[in-house]
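We count ligands from 1, going down the list as the structure has it; atoms in each ligand are counted the same way.
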Amino acid sequence: MIPYSKQDLTDRDIAEVTRVLKSDLITQGPEVDLFEDALKTEFSVDHAVACSSGTAALHLSYAALGVDSQSIGIVPAITFSATANAFRYLGAEVRFCDINPQTGLICLESLEAILAELPRVDAPCPGVIAPVSFAGSVAPLNSVKKLADSIGFKTIEDASHSPGAFSSFGTPPERSCSCIHTEAACVSFHPVKHICCGEGGVVLTNNQKLATIARQLRSHGIERPNDDSHETPWFYQQNNLGWNYRLTDIQSALGRSQLQRLPDQLKLRRKIADKYQRALREYPFNESLMAPPLEEGHAWHLYIIRFKEPTMRDKAHKFLKSEGIMTQVHYVPLYRHPYYENMYGEVRLPGAEKFYQSCLSIPMFPNLSEKDQDHVLDSLEHFCLNS
Ligand SMILES: Cc1ncc(COP(=O)(O)O)c(C=O)c1O
């Protein structure tokens, strides 16, 4: 089967992991700092707090901003559960914002409408908006920040899909993970993402206080001076209730090796997207489906096509599977999941519904061979001609 996505591991990645496995420290050793330094350089940010998953990165950054049970977390309805769940871990209320069905990105009009109706809360952190740079396309971070600022909310970019992405608008263009318009950006290092650690994530930020708190919360809320300034050299103290969200040295070594290949990986993803794009805008594809808008700076975590006739999506999924091609739906709107429906009742947002009914993620990963990509296109062509 051709998967919709998968990791791309090289001999050097494996050698790096083996090197650490043969060393004295396989966790809490020097590799985590080295990976964090490399991440800071790559994304031109002041701080990087590596942690055990993208979910952990979201949880740490929301917690570090002071999100609690009085806060409101606003998330686009089309995203992975983690963007919203991390608010729920802290007891915050989640509000679902609609998305633009053409781009899959947060809809600013819907966001404005939500903000206009919110009660003013006198809490340490009244709320956080978490725009998702969905599929690898940069969310309108600057516009979201302006709206957030207007009511004292903070902005965290969920950049799980978008390391290396830049947008086509703005001067200079907005870059995902740059933290210019956000308090922090959270990245996932799951195997289907651009940088694979097995599991892993990072909080990127230019906010020193946020980084310090996130770093402590990553390891139980414990503060441990990293120089000999304290009179007792073994000194440490627990300031808050945190978690064990540490990344191991084994994962960090893999992540650092992968990070060095990010530019090449992006080139490969963009090349694959380009070939899809050129084919899909022609007959017979263009009769049945729409290709995503081509953006120069898109990071192409996902390549999502949209069927004009919603019933065709499920048929296409089934047909492609019979041809040995796995596809996926990104995503079921979060408000449709029983957990959220039980909590907030029935919510239906028009943009999210339209996107959800028609979307299908077809194979997109750097080591997708030309032969396999041709097979995807041939099968899709057959499907379009015969349905
Ligand atoms: C948009 C988004 N946010 C957060 C996450 C969570 O990342 P992780 O699986 O590393 O916890 C994911 C993972 O799929 C994601 O797609």
Side-chain angles (χ1 to χ4, degrees), residues 3-7 35 39 48-63 67 73-90 94 96-97 99 103-106 128-139 141 144 155-165 176-177 182 184-204 214 217-218 243-248 251-252 254-255 258-259 269 298-304 326 328-335 337 340 352 355-356 359 361 364-365:
Y4 85 88
S5 184
K6 70 169 192 193
Q7 70 275 13
F35 185 34
L39 288 161
V49 182
C51 55
S52 53
S53 67
T55 309
L58 290 160
H59 190 185
L60 288 172
S61 55
Y62 298 166
V67 168
I74 301 178
V75 302
I78 297 286
T79 181
F80 182 59
S81 303
T83 323
N85 288 355
F87 284 118
R88 293 295 308 134
Y89 300 158
L90 298 161
V94 171
F96 300 108
C97 186
I99 57 127
T103 62
L105 299 175
I106 194 163
V128 170
I129 307 171
V132 177
S133 291
F134 178 72
S137 175
V138 187
L141 303 172
V144 170
T155 308
I156 301 273
E157 182 192 12
D158 184 338
S160 296
H161 295 182
S162 57
S176 176
C177 302
T182 62
C186 298
V187 186
S188 161
F189 301 141
H190 182 273
V192 297
K193 304 294 195 314
H194 296 76
I195 302 157
C196 163
C197 287
E199 295 282 356
V202 69
V203 178
L204 302 167
L217 292 176
R218 172 179 70 178
W243 307 277
N244 176 356
Y245 278 169
R246 295 186 298 261
L247 192 71
T248 65
Q251 293 163 311
S252 299
L254 176 55
Q258 288 259 309
L259 181 61
R269 286 177 187 269
H298 203 301
W300 298 113
H301 162 51
L302 301 171
Y303 193 89
I304 305 178
M326 291 308 294
Q328 188 56 273
V329 169
H330 293 95
Y331 292 95
V332 177
L334 291 187
Y335 51 70
H337 289 292
Y340 284 108
F355 191 85
Y356 162 58
C359 67
S361 302
M364 163 56 80
F365 49 94

Shortest reach to atom 16 (O) of ligand 1 by a heavy atom, considering only His161, His330, Glu199: His161

Proximity flag Ala56 to ligand 1, non-hydrogen atoms under 4.0 Å: no

Modelled atom types, side-chain donor and acceptor of Glu199 and Ser52, under 3.5 Å: no

Numbering as shown, the atoms of ligand 1 that approach Gly54 to under 4.0 Å (heavy-atom distance): 7 (O), 8 (P), 10 (O), 11 (O)

Close approach, His301 and ligand 1, non-hydrogen under 4.0 angstrom: no

Ring centers of Tyr62, Phe87 separated by less than 6.0 Å: yes

Ligand-side contact atoms (ligand 1) for residue partner Tyr331, heavy atom cut-off under 4.0 Å: 16 (O)

Sub-6.0 Å ring centroid separation between Phe134 and Phe355: yes

Proximal atoms of ligand 1 relative to Ser53 (non-hydrogen, under 4.0 Å): 10 (O), 11 (O)

Ring-ring centroid check Phe35 Phe189, cutoff 6.0 Å: yes

Per-atom contacts of ligand 1 with Thr79, taking only distances under 4.0 Å to non-hydrogen atoms: 1 (C)

Proximity to ligand 1 by part of Thr55, non-hydrogen separation under 4.0 Å: both

Donor on one side chain, acceptor on other, Ser162 and Ser176, under 3.5 Å: yes

Validation row, ring centre His330 to ring centre Phe80 under 6.0 Å: no

Worked verdict on Val203 versus Ser61 for side-chain contact (heavy atoms from CB on, under 4.5 Å): CA-CA 7 Å; Val203 178; Ser61 55; 4.0 Å; yes

Atom indices of ligand 1, in the order listed, that fall short of 4.0 Å to a heavy atom of Gly200: 10 (O)

Atoms in ligand 1 with a heavy atom of Ala82 nearer than 4.0 Å: 4 (C), 5 (C), 6 (C)

Interatomic distance, Leu60 atom CG to Ser53 atom OG [nearest 0.5 angstrom]: 8.5 Å

Proximity of Tyr340 and Phe96 rings by center, below 6.0 Å: yes

Leu105 side, atom CG; Ser137 side, atom OG - distance, nearest 0.5 Å: 4.5 Å

Protein contact of atom 15 (C) of ligand 1 - nearest heavy atom, named by residue and atom, plus distance: Phe80 CB, 3.6 Å

Taking atom 9 (O) of ligand 1 as the reference point, the nearest protein heavy atom with its distance: Ser188 OG, 4.1 Å

Protein heavy atom at shortest distance from atom 14 (O) of ligand 1: Lys193 NZ, 2.7 Å

Shortest protein contact, atom 4 (C) of ligand 1 (heavy atom only): Ser160 OG, 3.3 Å

Atom 3 (N) of ligand 1 - nearest protein heavy atom and its distance: Asp158 OD2, 2.7 Å

